[in-house]
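First comes the structure, then the notes that go with it.
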Protein chains: 2
Amino acid sequence: MEKSKRILLVEDEESLGYLLGEYLKMKGFAVQWAKHGMEAMAALERLQFDLAILDVTMPEMDGFSLAARMKEVYPELPFLFLSARSLKIDVLKGFSLGAVDYLKKPIDEEELVVRINAILSRIQPDRSKPKNITYQLGDYRFDPANQQLTFGENRTRLTTRESELLRYLADNMNSLCSHRDILTQLWGENDYFNRKSLNVFITRLRRYLNMDERIRIENVHGKGFILRAFQ
Amino acid sequence: MEKSKRILLVEDEESLGYLLGEYLKMKGFAVQWAKHGMEAMAALERLQFDLAILDVTMPEMDGFSLAARMKEVYPELPFLFLSARSLKIDVLKGFSLGAVDYLKKPIDEEELVVRINAILSRIQPDRSKPKNITYQLGDYRFDPANQQLTFGENRTRLTTRESELLRYLADNMNSLCSHRDILTQLWGENDYFNRKSLNVFITRLRRYLNMDERIRIENVHGKGFILRAFQ
DNA sequence: ATTCGGCTTAATCTTTCGTTAATCCTTTTT
DNA sequence: AAAAAGGATTAACGAAAGATTAAGCCGAAT
């Protein structure tokens, strides 16, 4: 069973939003319905999505403005527009903002679904790195497949989470891994409690890694962590 | 200059085919116009394409059949349909064959072009990752993503504000950044206290940057600051 | 049912960073 | 030249974030 794709639906109209959300859920998507831009940004902070569907005409922040803000913060996330405004200028504007599609209302739900699938199938199913690689971290050797960390004769058995976290950091060696990305990726949700949990795991990894000074987990205040290797 | 993308246009109607072909050429695409399925298959044999545009209603072999055959032989080539038949069943069939888009006639040429670009930019995995851009400031290297400034072996970790500010200045290298713009952009509000705060940050950045005389933050009295690089 | 391993929650202590304040210096205006 | 306004520099403060340790909880294994 494949993991269902996560869709952020931003639609201010109650009835359409509800209907569309339920329909997409029925079709096997994990749908989060946000009623306006602020709510959408909050959802993006908390969860990770594969696609965003934006209504163009909304009060406060319209779909175009929202798309622009989203693109700033989450440039990888593909999005498409729904709009009653089928003026050519709007369509062009939508695409110029980087949309992958622009659908004119009234929406045909079936067509929407096949278009969504067309989009999602074109997204590279993440170049997952080979499972059985090992990482050299200073004088440590980390083997994610077997969840173990060796330092000379010394062997530490890691728990699943410890191993996943260290792997995530090691994959992004020397570059910042944001709380948000770590948590949405590994925990599934970015909230206060999970962030506390993350701190505990960081402490544990630090203890395991304290035999070699050249390898260190640094914190970037308010942002996240960096696994850094010196020399 | 980027290499122009190669498009295979399959359209039996003389006038539309010619018009569309010329329009796309004008827009910088390398277009090959085939008037029916056989010609299209021959062209595919001969040349490599980035995208195929298929008319649905054609004598002999219709667009759907052609798409099916193409997919057999060139499964990587993305294709989209043009069609006067806007029946839902046709649209669904088009996508089920693996189309990346389905446009209903009459075609708006401008819209077609932006849709083509949207498709091509999604498909070309853009080898160059424009992600971790860094700035060269004299002998310093500034990495905003990791909030750090390096000078040879020496590394300075920047706080979020410091990094944002230096980035703003570096983006506008050698030109005046007004208080007003910096403050509204980064602080959100331009008032007396925030301006004081800005001064403190300017002092801090100056200290970090004082190892290379050729890089300097100048003040323009009553106006703002300039990050200036000499020589 | 009891134990145990592993993740989460809680409690407490430490560090960080943006702000504010105080003081001195520089430029512009009167 | 004096006054006024703008800017530079340094230090200190307090809220928020992070680190660390311990306790709690829950499902799996015994």
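Residue numbers start from 1 in every chain, and the chains themselves are labelled A, B, ... in the order their sequence lines are given, proteins ahead of strands.
Note on Glu164(A) versus Arg167(A): no salt bridge recorded, every NZ/NE/NH1/NH2 to OD/OE distance being 4.0 Å or above.
When atom types are taken as modelled, the side chain of Tyr140(A) and the backbone of Met211(A) share a donor-acceptor pair closer than 3.5 angstrom.
As judged by a 4.0 angstrom heavy-atom cut-off over every strand, Phe225(A) is placed among residues touching the sugar-phosphate backbone only. Nucleic acid contact class of Arg195(B) (heavy atoms, under 4.0 Å, all strands): none. The residue Asn199(B) sits close to a base: some heavy atom pair falls under 4.0 Å.
Shown here are the side-chain contact (heavy atoms from CB on, under 4.5 Å) partners of Asp62(A), two or more places apart in sequence or in another chain: Phe64(A), Ser65(A). Residues satisfying the salt bridge (charged side-chain N to carboxylate O under 4.0 Å, His left out) criterion with Lys104(A), sequence neighbours excluded, are Glu111(B).
At least one cation-pi condition fails for Arg195(B) and Trp187(B): the charged atom is not both under 6.0 angstrom from the six-membered ring centre and inside a 45 degree cone around its axis. Cation-pi geometry between Arg204(B) and Phe201(B) is satisfied (NZ or CZ under 6.0 Å from the ring centre, within 45° of the ring normal).
Listed by residue number, the members of residues 165-182 of chain B with any heavy atom below 4.0 angstrom from DNA chain C form an empty set.
Where DNA chain D meets chain A (any atom under 4.0 Å from a heavy atom), the bounding nucleotides read 5' to 3' are dA17(D) to dT21(D).
A heavy-atom distance below 4.5 Å is found between the side chains of His179(A) and Phe225(A).
Between the CD1 atom of Ile202(A) and the C1' atom of dT8(C) there is a distance of 16 Å, given to the nearest Å. Spacing between atom CG of Asp191(A) and atom C1' of dT9(C) amounts to 12 Å, rounded to whole angstrom units.
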Starting at the 5' end of nucleotides 11-30 of chain C, put B wherever the base has a protein heavy atom under 4.0 Å, S where only the sugar-phosphate does, and a dash everywhere else. -----SSBBBB-----SS--
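Side-chain contact of Gln147(A) with Ser163(A): a donor-acceptor pair under 3.5 Å is absent, judged by distance alone. Between the side chains of Arg157(A) and Gln148(A), no donor-acceptor pair of N or O atoms lies under 3.5 Å.
A side-chain contact (heavy atoms from CB on, under 4.5 Å) with Phe81(A) is found for one member of Val100(A), Val91(A), Leu97(A) and no other, namely Leu97(A).
Annotation: salt bridge (Lys or Arg N to Asp or Glu O under 4.0 Å) contacts involving residues 183-193 of chain B, sequence neighbours excluded, are absent.
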